[in-house]
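A short write-up of the structure that comes next.
As the structure lists them, so they are numbered: ligands from 1, and atoms in each ligand from 1. Residue numbers count from 1 along this sequence.
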Amino acid sequence: MENKSKQNYHCGYVAIVGAPNVGKSTLINLIVGKKISAVTSKPQTTRHKIVGITTTDEYQIIFIDTPGVLQPAYLLHEVMLKQTKASIDNADSIIFMLDASLDERSDMNLQTTAFNILKKTDKNIIPVLNKADLLSQIILEKRTKYLKDLYGFKEIIPISAKNDEGTKGMMDIVVSTLPEHPPFYPSDMISEHSERFFVAEIIREKIFEKYQEEIPYSTTVDIVEFKEQEGRKDVINAEIYVEKDQQKGILIGKKGLALKAVGEEARKEIELFLERPVYLQLYVKVREKWREQQKWLKRLGYDNY
Ligand SMILES: Nc1nc2c(ncn2[C@@H]2O[C@H](COP(=O)(O)OP(=O)(O)OP(=O)(O)O)[C@@H](O)[C@H]2O)c(=O)[nH]1
Ligand SMILES: [Mg+2]
């Protein structure tokens with residue numbers, strides 16, 4: 001571990017919390033400057049807490065991207081919610097992310113559920129309104145005022161994680177809430193998960209993007225072999241779990257073409273991420289009700305928090 005002798009160094013943990021699909025993972029990727037967290041247009045993309053670290057001469061922040069707050073329907077959901085709650089408990093400050101694309105008539109139940117969880121903590125809460133790029137200045141001001149009145153916030157910071165707007169000002173406020181402390185991690189470290197974890201997440205992201213309805217939600221990825229080879233491509237064998245035979249058929253597609261396309265897209269992104277070529281093989285397995293069974297969730301690392 002590095003030891004910065006600089007005075008007034010700030011370091012702390014910041015959880016990014018909010019309803020599903022508001023842009024939490026987009027923000028952590030922007031801040032660390034590398035795609036470490038899956039982003040898709042579908043809610044419930046993130047299932048684990050994901051660590052992203054940013055370090056400057058003045059501060060080090062350990063951001064925790066969290067699963068969107070939801071109403072649990074499966075054991076998997078309960079585990080996801082537990083991860084979010086544990087991330088809140090371990091944080092110094094919390095970015096509460098709101099979504100500018102929701103108006104007064106939208107369903108804000110999950111956003112309010114997230115707010116009610118945060119209300120119970122004594123942590124610094126930093127309300128941020130993401131996707132500000134979607135609104136005109138006038139509508140944005142109206143929406144900000146509505147949310148301030150709804151939750152009793154003095155300030156809400158409008159940002160666009162997608163376009164990197166408003167995020168510098170947001171970071172200044174985040175840093176001002178952190179304790180004085182030397183850095184916990186080396187300055188070049190941006191995350192702490194294994195390559196296996198990131199590879200599984202990349203494959204899962206491609207499945208989320210490519211398939212509709214219940215398929216993404218009934219699916220998960222288990223890396224069963226990850227063999228690094230001197231002078232040759234790494235060999236990665238991944239099992240994709242689905243819950244029913246019919247889902248297996250859809251995932252594989254006619255003549256295996258759909259699965260092949262997933263494999264190709266995933267391989268390209270894995271190679272970009274690892275900065276080395278890989279040989280990726282995907283297998284589809286039916287594991288009935290894996291989302292409801294402790295033994296599968298454990299094996300998949302979902303209870304690892
Ligand atoms: N217009 C706009 N879209 C955004 C912005 N930030 C994120 N998005 C989009 O919103 C969708 C969801 O983004 P994610 O980062 O996956 O959201 P999340 O909060 O991590 O979602 P979960 O993991 O499902 O809880 C994606 O289609 C993003 O491209 C933004 O600032 N502006
Ligand atoms: Mg996410």
| note | Residue, atom and distance of the protein heavy atom nearest atom 30 (C) of ligand 1 read K162 CB, 3.3 Å
| message | Does atom CD (Q246) have a neighbourhood of more than 12 heavy atoms from anything else shown, all under 6.0 Å? | response | no
| query | Hey, does T66 come in under 3.5 Å of ligand 1, counting only N/O atoms on both sides? | reply | no
| said: Which label fits F273 and F198: parallel for a plane angle under 30°, tilted from 30 to 60°, or perpendicular past 60°? | reply: tilted
| query | Less than 3.5 Å between some nitrogen or oxygen of P67 and one of ligand 1, yes or no? | reply | no
| task | May I ask you to identify, for K24, whether its side chain, its backbone, both or neither come under 4.0 Å of ligand 1 on a heavy-atom basis? | result | both
| Would you call K244-E288 a salt bridge at under 4.0 Å N-O? | no
| message | Can you classify the ring geometry of F153 versus Y151 as parallel (below 30°), tilted (30 to 60°) or perpendicular (above 60°)? | response | tilted
| query | Nearest heavy atom to atom 29 (O) of ligand 1: which of V39, L27, N21 does it belong to? | reply | V39
| query | With a 4.0 Å cut-off, would you call D222 and R299 a salt bridge? | reply | yes
| query | Below 2.8 Å, any N, O or S contact between T46 and the Mg ion (ligand 2)? | reply | yes
| Could an N or O of ligand 1 be found under 3.5 Å from any N or O of I159, whether backbone or side chain? | no
| field | S37-S25 side chain donor-acceptor pair, cut-off 3.5 Å | value | yes
| Do any of the N, O or S atoms of S25 sit under 2.8 Å from the Mg ion (ligand 2)? | yes
| remark: atom 1 (N) of ligand 1: closest protein heavy atom, distance to 0.1 Å, is D133 OD2, 3.0 Å
| said: Does only the side chain of N130 get under 4.0 Å from ligand 1, or the backbone, or both, or neither? Count heavy atoms. | reply: side chain
| query | atom 26 (C) of ligand 1: which of T40, N163, I16, T26 has the nearest heavy atom? | reply | T40
| Any Lys/Arg nitrogen of E209 or K206 sitting under 4.0 Å from an Asp/Glu carboxylate oxygen of the other? | yes
